[in-house]
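In what follows, every chain begins at residue 1, and chains take the letters A, B, ... in the order their sequences are listed.
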Number of protein chains: 2
Amino acid sequence: MATKRITSIDVANLAGVSVAAVSRAFTPGASIAPATKKRVLEAASTLGYQPNVIARSLNKRSSQLVGLLMSGWNNFGYVDVLRLLSERLEAHGYEVMLKSVLDREKIGEYVGQMLQYQVAALVVVSEVLPAAVAADCTLRGLPTVLVNRIGRGTGSCAVSVDGTNLGNSIADFLIERRHRRIALLRGRADIDYVDDVMNAIKERTATSGSCEVIADLDGVLGYEAGRRCISELFSRAETPDGVFCSYDHTAIGVMDGARIDLGLSIPEDLSVIGNGDRAPASWGAHELTTVGYPRDEVVEKAVHILLSRLEDPDLEPETALLKTDLVIRASTREKSV
Amino acid sequence: MATKRITSIDVANLAGVSVAAVSRAFTPGASIAPATKKRVLEAASTLGYQPNVIARSLNKRSSQLVGLLMSGWNNFGYVDVLRLLSERLEAHGYEVMLKSVLDREKIGEYVGQMLQYQVAALVVVSEVLPAAVAADCTLRGLPTVLVNRIGRGTGSCAVSVDGTNLGNSIADFLIERRHRRIALLRGRADIDYVDDVMNAIKERTATSGSCEVIADLDGVLGYEAGRRCISELFSRAETPDGVFCSYDHTAIGVMDGARIDLGLSIPEDLSVIGNGDRAPASWGAHELTTVGYPRDEVVEKAVHILLSRLEDPDLEPETALLKTDLVIRASTREKSV
DNA sequence: GCAGGTGGCGTATACGTTTGCAAGAAAGTA
DNA sequence: TACTTTCTTGCAAACGTATACGCCACCTGC
């Protein structure tokens, strides 16, 4: 025996007004007399009424849902991004509809399914929208923000990290500490700010005269891969004295490989730099020098961009590049020895 | 200029049928002639029509959304649980509505907000539903499953780990390897299967005659806390030769504290056992003996319970306790020395 | 040829809101 | 007092779908 559900009609009857009045009582800024509003709200609370958001969405052709498309879950410590994003959006009265990218080819479908639910906006973490899908979104006036990606020419907003600036800092750091042969290890070419970092490192070292990039490897992702990779690198004729990895876990794999498998000392024989500043980087056993990832700022910025687009859909697309810098620990050489 | 949206009416016109036929074409098992269905589907695809799920939900008073209430995000490596859950539910045609528990007092509100969206079911990770809320859910016939919690007497389904069985294994393991003084460190009393583990360890060691629990501390959560805690324990008169921690990261803090701050050898001076088998546990620098957490099975079971309740809402509440066991690495003593 | 059954289809209503419109009330103005 | 202007309010028409109901066509078996 299902409990009879309470609709605006019940509230209207109890309060002695029309359903329209009930609707207005729940619509901020609607034209309604304070006394009526009070009466309606009281009736609503005695009945335990809450407006049916589904019916509202149908009518308004928009819900309070924000679609969240996630990919690369483990690579980058996105838990925090996800948690923060959901918390911030909730705080602004939105709900999160989460979807995992299992198959890149199907992103269009995923977005389509979210559109079915009349999502008010779209957040895409660590994945790029195919141009056609992005165009479709802008056409529908759906505010869209890419996190950790730059949607070149798609008209989407984006929040990411200034990779070029960061790459320059890293290069300077390594050069200053008299490194001569640098290896770059990245995961899948997933995150384009990381590409910018790598390019900047290559360019700046190339002009330094004292330091050069001797290896630039793709597809090195995670602890095991890093650990294997460093052995491979040290089997070559020319060995690195500095390694930059696109993920902390890869970097820790490199450190363990160097110490345990190769018997090297860190940082004397090899400096290691990670990226992301995830929890293990700070642990005593690792003390990894790494790049902080401004999770709070990224989320704050993304939410800000979203909310401003929801208010005024005609704003120009905006790309925000945040600054970040090295967190120096014990996995890299001192300046003067 | 917004693109005109396509409704079932447009499809009906193009196909030369009524809207009812269109609806039936998209409803599996509806009474419709194959030829008509084909015609409708063709018309739909030329127009790019997809049924509006919001309107459908309004009509059916149920959506394909599953509410997901998360708490304790970082404590337990729930990313994978979250990812798997979203992937499995998607595979069955459901969408995930994610909500973060910021304030335990407001869980009722959170659930209320999800109910607004006519969620078809509820998954609660690592949090317990207040009895009143749980009762409300069962009253509405909303399938509900608690993950990592046991909803004693709430009538909710639950999936968790058999803590008593696990605790016995751990106790036996420690006793067998001639440990005498055990310390137990747990985080917030958050996860009740962990309490069962602790109780089982205490009981079984108590009857062993050779081994006893000399400390049982609450609120030790994460690397830093573990690292501080082990120093504190070793400043006492009676020091442990074995530690079990409710989280891997705490255990790694204990290891680093013991080695770096106290100069102890692991496992010679101290055996350390963690819980969760998160990535760092297997790293060469730690080699932590720990308890596996059957993430895949937990998710699979939870989804299974949910789907079966969606089919038949009158099934009895079910509590599944999964078995798990130790992953033995190098942070614990060998058997015979 | 006819009664009874079956399967396919359209009509019309319901789902629970929001909102344009117009009318009525209240309040300000000359 | 009469005439505007400004607020409130209710009516009614959407929003896009699902489905109960009834109708018709067709088939079956006698």
Interatomic distance where CG belongs to B:D10 and C1' belongs to D:dT17 [whole Å]: 13 Å
Pairs where residues 23-42 of chain A contributes a residue and the test ring pair (Phe, Tyr, Trp, His ring centres under 6.0 Å) is met, not counting sequence neighbours: A:F26-A:Y49
Sugar-phosphate only, base, or nothing, as touched by A:S57 at under 4.0 Å among non-hydrogen atoms: nothing
Contacts of type salt bridge (Lys or Arg N to Asp or Glu O under 4.0 Å), residue B:D136, not counting sequence neighbours: B:R140
Short side-chain donor-acceptor distance under 3.5 Å, A:S71 and A:E127: yes
Sorted by number, the residues of residues 16-33 of chain B with heavy-atom contact under 4.0 Å to DNA chain C: B:V17, B:S18, B:A20, B:A21, B:R24, B:S31, B:I32, B:A33
Considering only distance and modelled atom types, tabulate donor-acceptor pairs under 3.5 Å from the side chains of residues 302-310 of chain B, sequence neighbours left out.
| unit_1 | atom_1 | unit_2 | atom_2 | d |
| --- | --- | --- | --- | --- |
| B:S308 | OG | B:H304 | O | 3.1 |
| B:S308 | OG | B:I305 | O | 2.9 |
| B:R309 | NH1 | B:E318 | OE1 | 3.4 |
| B:R309 | NH2 | B:E316 | O | 2.2 |

All N/O pairs under 3.5 Å across the protein-nucleotides 22-28 of chain D interface:
none

Residues forming a side-chain hydrogen bond (donor to acceptor under 3.5 Å, both in side chains) with B:D162, sequence neighbours excluded: B:K323
Distance, rounded to the nearest Å, where A:I54 contributes CD1 and D:dG16 contributes C1': 13 Å
Rounded (10°) bend between the five-pair end axes of the helix from C:dG1-D:dC30 to C:dA30-D:dT1: 40°
Side-chain H-bond candidate by donor/acceptor type, B:N148 with B:Y293, under 3.5 Å: yes
Heavy-atom check, side chain of B:W73 versus side chain of B:L82, under 4.5 Å: yes
Qualifying salt bridge (charged side-chain N to carboxylate O under 4.0 Å, His left out) pairs, either residue in residues 25-52 of chain B, two or more places apart: B:K38-B:E42
Residues that A:Y78 engages under ring-ring contact (aromatic ring centres under 6.0 Å, His included), provided they are two or more places apart: A:F76
DNA chain C: 5'-most and 3'-most nucleotides touching chain B, 4.0 angstrom heavy-atom criterion: C:dG8 to C:dG16
Option passing side-chain contact (heavy atoms from CB on, under 4.5 Å) with B:V96 (candidates B:L65, B:V119, B:L89): B:L89
Sub-4.5 Å side-chain heavy-atom contact between A:V123 and A:L85: yes
Toward the 5' end of DNA chain C, by each residue's nearest nucleotide, A:T7 or B:T36: B:T36
Selection residues 45-65 of chain B - residue pairs positive for salt bridge (charged side-chain N to carboxylate O under 4.0 Å, His left out), sequence neighbours left out: none
A:L58 CG - D:dA14 C1' separation (whole Å): 9 Å
For A:S156, all residues meeting side-chain contact (heavy atoms from CB on, under 4.5 Å), sequence neighbours excluded: A:A134, A:T144, A:L146, A:T154
